[in-house]
Amino acid sequence: MSELMNDPMILRQIIMDHYQYPRNHELTHDDTYYTRHMASDSCIDDIHVEAKIQNHKIEDIRFDGVACTIATASTSIMSELLMGKTIDEANHIIENYHAMIDGKDYDEDLLEEAVAFHTVGKQANRIKCATIGWKAMEEMIAESEKNGK
Amino acid sequence: MIDVEKIRKDFPMLQNKKMQGHDLIYFDNAATTFKPQCVIDAVTHYYTDLSVNAHRGDYELSYQVDSEYEGCRKAVASFIHADEKEIVFTSGASNSLNLVAYGYKKFLKKGDVVLSCEAEHASNILPWMKVCEEVGCELCYIELDEEGRLPIENFRKVMNERVKVVALAQVTNVLGYEVPMKEICAIAHEYGAIVTMDIAQSAPHMSVDVKDIDCDFASFSAHKMCGPTGIGVLYGKFELLQKMDPFMVGGGSNARFDMCGNILLKDAPYKYETGTPAIEAVIGFHAAIDYLSAIGMDNIHQYEQELHAYAIEKLSKLDNLILYNPHADGGIITFNVKDVFAQDAASYFNSQGVAVRAGQHCAKLLMDKLNTSATLRASCTFYNTKEEVDRFVEVCKNATIENCLNVFF
């Protein structure tokens, strides 16, 4: 993993691939899903994220919207990474993702393709792009836990 | 003609400033401008030499503050050819535009129409949306042509007796077209409507004569014209300012009040200036107006037009760019790099030391007209140079999606 992380070519390709062919990039509009609309005045990214969470497990994640490469690719990678995980597993991954973005110690192996964003902080204002979909997921997990499911 | 090299020496921010390891090229002047040393000195002069409150003229220092504060009002008045009692200091153009909407609300009733256009800044639309919602008026939009310009015929077509307010920017902040305000005011007045004009993007770049245009209100900010932040102006015809309500009352704006609830407000402009104002900003603004006036607004306008034409000529030769307003009247260039999302391109420009803005630039309605969710905006002013344009063009050339992503590694 470490070798891969030092090769910008490969990391760039991961981001490009998820930007051009975003995974899970269609909303279900199913009302059993949690949903979040993520948009803010300071950033152009404007996405909707859906998640089906049952028995403390993430069954499905979908998203759609208008967003930059970083927001699109980071949300696409997040959807693949967290789908099928239990809430505890997902929270652990999310925690590591934020640690990576903030330049702290983290477990590379847990993050898989999401390591492509480990230097996103070089352009400080883009950190919000790299976390917008992740934030949506965190909020939906918190909501589901509050509901006890 | 202006001497740009000499002018650049006046600005500390233009002295060997680096961004991401490159010489800074600041092309976000429509958002705010840099300040010349004389403005910075005027601000510190207040804190160093005066530092007491305004409108308390009981002692010498305070009297001096008052006279410098009022000196700026005189300077602003002559800058836009108004009378000093028609100059209200506000916190900025947004504050001024809100003040007009709030203050004029009481003259509107259900069924009246407020007329604006799709290229307006949010600060000139949202206050009227709120007023319309409250009073039951209708907010209507003048149709723009394909280029995004506002042709006078389109205005004439929708003008009628129901229209009571026309709210327009003299130069729009996304496309930089100049609107024929003088004709618009004449037509609006025939129908008994008032015209509130946003001159935030015009006053810094050309001479504006509010009496000749005959607008009823004009709003602008100091920080977009080399002045400090936190200070702006509302020009209003005196009789209108007298009739309208301030949205804040309190210390400084009342002449007398008693415990029975009687309030006697001061005359305009003072009834709108409640509380301790940004005194240092007003004094700095005066220095900015003197600075611009010494260069000459017509010289500034002419130079900016030349620089804009030079940039457009070079940029239009690049086949990876989409230019949305090659015929803009001001220094605003709205564009996109083909197949690159605006935010991604902006980060690449940043990595090359070029400050441009990505976004919807507060004119969200217009995006439906340009058919793009976001654009880049490069805005030049009189201290930018052809050499900076040349480097900007080079950066545009290299703004491929690969390079836009390489900025992260």
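Residue numbers begin at 1 in each chain, while the letters A, B, ... track the order of the sequences.
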Below 30° counts as parallel, above 60° as perpendicular, anything between as tilted: where do the rings of B/F392 and B/F335 land?
perpendicular
Is chain B contacted by the side chain of A/A71, its backbone, both, or neither, given a heavy-atom distance below 4.5 Å?
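Contact with chain B: none, neither part.
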Contact origin within A/R126 toward chain B - heavy atom pairs under 4.5 Å
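Contact with chain B: side chain only.
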Give a yes or no on whether the ring-centroid distance for A/H25 and A/F63 is below 6.0 angstrom.
yes
Atom group of B/Q20 that falls short of 4.5 Å from chain A, counting heavy atoms
side chain
Do A/Y19 and B/D344 have side-chain atoms, one donor and one acceptor, less than 3.5 Å apart?
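The criterion, which ignores hydrogens and geometry beyond distance, is not satisfied for B/D344 and A/Y19.
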Among A/T69, A/V66, A/I15, the residue with the most heavy-atom pairs under 4.5 Å to chain B is A/T69
Any carboxylate oxygen within less than 4.0 angstrom of a Lys/Arg side-chain nitrogen, looking at B/K397 and B/D319?
no
